[in-house]
Amino acid sequence: MKLVFEKGHEGRKMEIIAPLDVSEAGLGESFKRAAKPKLPQMSETEISRHYTELAKRTHGVNDGFYPLGSCTMKYNPKVNEAAAALPGFVKAHPLQPEETCQGSLEVLNLAEKYLCEITGMDAMTFQPAAGAHGEFTGLLLIKAWHVHRGDTKRKKIIVPDSAHGTNPASASMCGYEVVSIPSREDGCVDLEKLKAAVGDDTAGLMLTNPNTVGLFDKNILEITRIVREAGGLCYYDGANLNAVMGIARPGDMGFDVVHLNLHKTFSTPHGGGGPGSGPVGCKAFLAPYLPGARAVKEEREGKTCYRFEKPEESIGDVKMFYGNFLVVVKALAYILTLGREGIPEAAANAVLNANYMKTKLSDVYEMAYPGPCMHEFVMTLEGLKKKAGVTAMDIAKSMLDYGIHPPTMYFPLIVHEALMVEPTETEPRDTLDQAVEALHEIYKKAVEEPESLHGAPYKTPIGRPDEVTAARKPVVRYHWEEHAD
């Protein structure tokens, strides 16, 4: 299809903006462009058709199975979208007086209360915009605590080799040296390597549990004990909380601070660039360092009301105002809808679906780690590549021809030719069976006619691109001069 810049004609337009009914305030000349931007001139019909055509060429959770591992691309209830679209929330302004937006403050207060209950934390900030931003904020809390106590020799953050790539990046951004510790053959933390890594220069540990290969580390209490006895703090990456929410709490595992991905675990659609929300919760001793302002509840003249309160030793703002508020509204609606019984049920179903698929595929696909998994599992195509010359990329591209979005590819890095599958809790058994059948058919083709997979996909609007050239020489902008008549 043509780019929007290649469509339209001079003089075409549509009237969507009401006539100006106030005096015009122009920009100073120094703020104006030297020339008008070259934008396509199109009618409303043309614009509508263009974006409809684009929508038909994309694949989302409303189109079919989307088992993207570690990213939880699940269906999110539309009722939560409706709650976030209520005028009282949408039209709230961050600078309006507290007494005029009590409902919004109550949302923040309630969301903090319930999320602290789910995570085992004592206080929470909603300022961070997403997961990695939450990591950065949580590490700043750890750093502030050490510095406030005068323990400035702690310069190292321990990170397992199976961690999300943002973990070491966040630690480096906070000025820490990253110490990577290897995983054992079972995919969990090597306790002996951890003991050798900790010392009086250890600031903390960053860990995801269940971890990045979809396993719950049975030694988690021992892991956090080792770090804490060395004087470090424990940071919980909440990327995989959807597997244990309502069942196991990071605070009970020995963690001091946690970030959550509301846009993954608690209902806002994940992907497409946002918006996200990565609130950070912590134990009481870290609460004085939280950024931004918390919505606190109090009784005033016999009435319950809410106000903002700034922590006394705050690290300072990490984002303007109070974070992505409407994402918090969706999360609260999700929590209230599921309730105390529904939240652990959602986690249990995520684990059930993942183990169902893993078991059904284990007859032909090699699993990176045997035994039960949590919410996701990792397959290794290393053996198939040696046997038939078919790669994880070939399998993933072939899945597109079956109307299935590929799982996460080549991650985690500690598994060669990896495909990470996360069915999520919202998929019915029929969908899982169809996906299993498709993957069995693909495997059969890989063995019997491997060359056919090298050209997949065949049924999609765009075939297999030259990914090496696309990565090395990306075309990310439209040059009018190159397309001039």
Side-chain angles (χ1 to χ4, degrees), residues 67-72 158-165 167 180-194 205-224 236-244 247-248 250 253 347-387 390-393 395-396 399 406-425 427 432 435-436 439-440 442-443 446:
L68 197 63
S70 201
C71 285
T72 322
I158 299 172
V159 181
D161 61 359
S162 63
H164 291 124
N167 285 182
S180 178
I181 54 171
S183 301
R184 297 192 311 247
E185 288 186 2
D186 63 359
C188 295
V189 172
D190 187 320
L191 293 180
E192 295 307 313
K193 297 291 185 182
L194 176 62
L205 165 79
M206 296 185 79
L207 192 71
T208 308
N209 194 41
N211 63 20
T212 307
V213 297
L215 302 174
F216 190 95
D217 200 313
K218 62 184 179 181
N219 296 317
I220 191 61
L221 293 178
E222 177 67 6
I223 291 168
T224 55
Y236 183 92
D237 181 326
N240 297 337
L241 186 75
N242 62 301
V244 296
I247 299 171
M253 299 177 203
N349 285 340
V351 174
L352 178 64
N353 280 353
N355 280 282
Y356 180 79
M357 272 198 79
K358 182 178 182 180
T359 301
K360 288 282 188 177
L361 291 171
S362 293
D363 57 342
V364 292
Y365 286 93
E366 182 183 354
M367 299 298 156
Y369 302 98
C373 62
M374 295 300 287
H375 60 303
E376 61 191 2
F377 60 93
V378 181
M379 301 186 291
T380 171
L381 278 297
E382 189 175 21
L384 185 62
K385 181 180 180 181
K386 291 178 181 177
K387 174 182 176 182
V390 173
T391 65
M393 177 76 78
I395 299 294
M399 292 171 71
T408 298
M409 297 166 46
Y410 298 124
F411 184 80
L413 299 178
I414 60 174
V415 177
H416 296 156
E417 292 296 323
L419 287 179
M420 177 190 283
V421 181
E422 180 175 1
T424 78
E425 71 275 12
E427 294 295 348
L432 304 184
V436 167
L439 281 164
H440 274 102
I442 292 170
Y443 190 91

If I compare all heavy atoms of P370 with all of K358, which pair ends up nearest, and what's the gap?
C-NZ, 4.0 Å
Please walk me through it: do Y365 and I442 pass side chain to side chain contact (heavy atoms under 4.5 Å, CB included)?
CA-CA 11 Å; Y365 286 93; I442 292 170; 4.3 Å; yes
Within the structure provided, determine whether V244 and M374 are in side-chain contact (heavy-atom separation under 4.5 Å).
yes
Answer whether the closest heavy-atom distance between the side chains of S183 and D190 falls below 4.5 Å.
no
In this structure, CG of L419 is separated from CZ of F377 (nearest 0.5 Å) by 9.5 Å
Grab the two heavy atoms, one from P250 and one from A248, that are nearest each other, plus how far apart they are.
CD-O, 4.0 Å
Looking only at non-hydrogen atoms, find the nearest pair between V159 and A163 and report the distance.
CG1-CB, 3.4 Å
Do M409 and F411 have side chains that approach each other closer than 4.5 Å (heavy atoms only, starting at C-beta)?
no
First locate atom CG of L221, then atom CE of M253, and finally report the distance between them rounded to the nearest 0.5 Å.
8.5 Å
Which pair of heavy atoms, one from T408 and one from G69, lies closest together, and at what distance?
OG1-O, 2.6 Å
Tell me every residue that passes side-chain contact (heavy atoms from CB on, under 4.5 Å) with N353, counting only those two or more places apart in sequence or in another chain.
P423, E427, L432
Over all atoms of both residues, closest heavy-atom pair of N349 and E425:
CB-CB, 3.8 Å
Gap between atom CD1 of I223 and atom SG of C188 - 0.5 Å precision
7.5 Å
Find out whether E422 and N242 are in side-chain contact, i.e. whether some heavy atom of one side chain is under 4.5 Å from a heavy atom of the other.
yes
Is a donor from one side chain sitting under 3.5 angstrom from an acceptor on the other, for N167 and D237?
yes
Taking only residues two or more places apart in sequence or in another chain, which ones pass side chain to side chain donor-acceptor pair (under 3.5 Å) with E376?
none
Partners of Y356 by side chain to side chain donor-acceptor pair (under 3.5 Å), sequence neighbours excluded?
R429, D433
From L215, V213, I414, residue fulfilling side-chain contact (heavy atoms from CB on, under 4.5 Å) relative to V378
V213
Under the side-chain contact (heavy atoms from CB on, under 4.5 Å) test, which residues partner P182, sequence neighbours left out?
D161, K193
Should V390 and L381 be marked as a side chain to side chain contact (heavy atoms under 4.5 Å, CB included) after you check the CA-CA gap, both sets of side-chain angles, and the distance that decides it?
CA-CA 8 Å; V390 173; L381 278 297; over 6 Å; no
Before giving the answer on side chain to side chain contact (heavy atoms under 4.5 Å, CB included), spell out for I158 and M206 the whole-Å C-alpha distance, their side-chain angles and the decisive distance to 0.1 Å.
CA-CA 6 Å; I158 299 172; M206 296 185 79; over 6 Å; no
Looking at OH of Y236 and CG of N209, how far apart are the two atoms once the value is rounded to the nearest 0.5 Å?
5.5 Å
Is there side-chain contact between L384 and I395, with heavy atoms separated by less than 4.5 Å?
yes
Looking at S162, is its backbone amide N or carbonyl O close enough to the side chain of T212 to form a donor-acceptor pair, meaning the two atoms are under 3.5 Å apart?
yes
Mind checking what makes side chain to side chain donor-acceptor pair (under 3.5 Å) contact with E382, not counting sequence neighbours?
H416
Is it the case that the side chain of K360 and the backbone of N355 share a donor-acceptor pair, with hydrogens and angles ignored and the cut-off at 3.5 Å?
no
Does the side chain of L207 reach to within under 4.5 Å of the side chain of P160, using non-hydrogen atoms?
yes
Over all atoms of both residues, closest heavy-atom pair of Y410 and L413:
O-CD2, 3.6 Å
Checking T391 now: which residues fulfil side chain to side chain donor-acceptor pair (under 3.5 Å) with it, not counting sequence neighbours?
D394
Measure the shortest side-chain to side-chain distance between H440 and D363 over non-hydrogen atoms and say whether it is less than 4.5 angstrom.
yes
Nearest-0.5 Å distance, CG of residue L361 to CG of residue L439
5.5 Å
Distance from K386 atom NZ to E417 atom CD, nearest 0.5 Å?
10.5 Å
Is there side-chain contact between N219 and R184, with heavy atoms separated by less than 4.5 Å?
yes
